[in-house]
Amino acid sequence: MISMNVESFFPHEPPKKYAKADKCIYCGSVEGLNDEHVIPFGLGGRQIVPKASCKACSTVTSAFEGICLRTMLGPLRMLHDMPSYRKKSRPEKMSLKVKLTSKDDWSYIDIDRADYPFLVLFPYFEMPDLLSGKVTPNDSRGAKTKRLWIRGASPSQEAFKKHLDMLISKLRVYAVEPEAKVHTEEFCLMIAKIGHSYASGVLGRDNFEPFLTSFILERDLGNRAEFIGSREKDEATIPALHELHLGVKKPDLIFAKIRLFAKLGTPTYFVVVGRLSNPRLIEHAETTD
């Protein structure tokens, strides 16, 4: 369970600005370029690839990132007052599922956001086929998951169960049931975008053959299992907000290792971003057999 000081639990990510791309890292356009956050600004991301995303591609990536930031990652963002361009629009009241008495059906009541018991969800996957050497069955190749990483996030200093007991007493209800949403397709798209933009910043967009641009721009996740996966196990916490690394699967496959909110013990995701075209750049990445 997650119980924490909401003002100081997460460290700030160190700022990093890569070399200018001077063309869109997704479609190659040189018109109307914007700076690209590798990890979204709304998650505290401070790694930027300047002049790297055209207006059309920014619209595409902002759409699926926005769904993740507002829904499945919204609880953590509100709990920790993370960056937002629309902080004033965050609700003061939120609907909580409750049973008023043991004989009642479940219903909803509005409670203060400061008391709301959040659930945080991340999807688990198997490792990408290109890294594991396995072939995922057809019914599991898309943006699907069979298991979720789930934690409760309490705005108080109490453990999550104690916070729920406190709410039951305070609200004078029989039971409460926290809820959460997971948007696996949009999450996979966001992870693919993070991996692609990170490799573009570290290596330079012209130094690898990209695998994920059609995934990102066309929302084509029918073959997700080949390129995007995770470790399907509990992991140790580390004292960092997010964790990013590049790796090389010999001889020339480039993959990104991504952990969002690593301090919570979240899953590590692996994204095979492309094929290295300049062997001298292998020094920028970890290697693996």
Side-chain angles (χ1 to χ4, degrees), residues 25-26 38-39 64 68 121-150 182-238 240 242-262 265-289:
I25 60 175
Y26 305 106
V38 173
I39 292 176
F64 58 70
C68 292
L121 309 179
F122 283 86
Y124 279 118
F125 303 105
E126 294 184 0
M127 289 289 285
D129 292 355
L130 283 173
L131 298 184
S132 69
K134 298 179 180 178
V135 178
T136 300
N138 287 336
D139 61 353
S140 299
R141 298 197 66 76
K144 300 177 181 178
T145 182
K146 297 178 181 177
R147 193 162 73 92
L148 295 171
W149 181 94
I150 305 174
V182 60
H183 294 273
T184 309
E185 179 177 325
E186 285 79 10
F187 184 78
C188 288
L189 290 167
M190 183 175 72
I191 290 293
K193 177 260 178 187
I194 291 171
H196 176 79
S197 59
Y198 181 56
S200 297
V202 173
L203 300 174
R205 172 60 184 80
D206 293 331
N207 290 313
F208 68 99
E209 174 194 345
F211 291 164
L212 301 175
T213 50
S214 65
F215 278 50
I216 295 165
L217 298 181
E218 300 171 21
R219 300 176 65 99
D220 179 11
L221 287 168
N223 201 23
R224 183 276 312 162
E226 186 169 1
F227 301 97
I228 301 170
S230 74
R231 290 194 182 113
E232 197 174 7
K233 65 178 184 179
D234 290 341
E235 301 206 41
T237 62
I238 62 171
H242 307 303
E243 186 177 28
L244 286 173
H245 298 288
L246 279 186
V248 177
K249 172 70 172 179
K250 294 180 180 178
D252 57 2
L253 290 180
I254 294 291
F255 64 89
K257 292 169 60 178
I258 302 166
R259 285 185 85 188
L260 302 178
F261 301 105
T266 51
T268 298
Y269 294 92
F270 292 79
V271 181
V272 183
V273 297
R275 194 178 305 280
L276 193 65
S277 57
N278 184 348
R280 290 178 297 176
L281 293 172
I282 201 168
E283 65 189 49
H284 293 284
E286 302 171 0
T287 59
T288 179
D289 293 323

Below 30° counts as parallel, above 60° as perpendicular, anything between as tilted: where do the rings of Phe270 and Phe255 land? tilted

Once rounded to the nearest 0.5 Å, what's the spacing between atom [atom1] of [X] and atom [atom2] of [Y]?
X	Y	atom1	atom2	value
Arg224	Cys188	CZ	SG	6.0 Å
Ile228	Leu221	CD1	CG	6.0 Å
Leu246	Lys257	CG	NZ	10.5 Å
Arg275	Leu253	CZ	CG	5.0 Å
Phe261	Ile238	CZ	CD1	13.0 Å
Thr268	Phe122	OG1	CZ	11.0 Å

Who pairs with [X] by side-chain contact (heavy atoms from CB on, under 4.5 Å), at least two apart in sequence or on another chain?
X	value
Asp206	Lys23
Glu232	Tyr124, Glu126, Arg147
Ile150	Leu119, Leu121, Leu148
Thr237	none

For Phe125, enumerate each residue passing the ring-ring contact (aromatic ring centres under 6.0 Å, His included) test, keeping only those at least two apart in sequence or located in another chain. none

Tell me, which pairs form a side chain to side chain donor-acceptor pair (under 3.5 Å) where one or both residues lie in residues 191-200, sequence neighbours left out? Glu65-Lys193

Taking side-chain hydrogen bond (donor to acceptor under 3.5 Å, both in side chains) as the definition, give me every residue that meets it alongside [X], ordered by chain and number, with sequence neighbours left out.
X	value
Glu209	none
Thr136	Asp129
Arg231	Glu235
Asn223	Arg141, Glu226

My understanding is that only residues two or more places apart in sequence, or in another chain, count here; which of them pass salt bridge (Lys or Arg N to Asp or Glu O under 4.0 Å) with Arg219? Glu185, Glu186

Which residues pass the salt bridge (Lys or Arg N to Asp or Glu O under 4.0 Å) test with Asp220, sequence neighbours left out? none

Heavy-atom pair with the smallest gap, counting every atom of [X] and [Y]:
X	Y	value
Val182	Pro123	CG2-CD, 4.4 Å
Ala192	Val271	CA-CG1, 4.2 Å
Ser230	Tyr269	CB-CD2, 3.6 Å
Ala199	Val273	CB-CG2, 3.8 Å
Gly229	Pro128	N-CG, 3.4 Å
Ile25	Thr213	O-CG2, 4.2 Å

Derivation of the side chain to side chain contact (heavy atoms under 4.5 Å, CB included) call for Leu203 and Leu276: CA-CA 9 Å; Leu203 300 174; Leu276 193 65; 4.1 Å; yes

With a 4.5 Å cut-off on side-chain heavy atoms, are [Y] and [X] touching?
X	Y	answer
Ile194	Leu260	yes
Val248	Ile254	yes
Lys249	Leu130	no

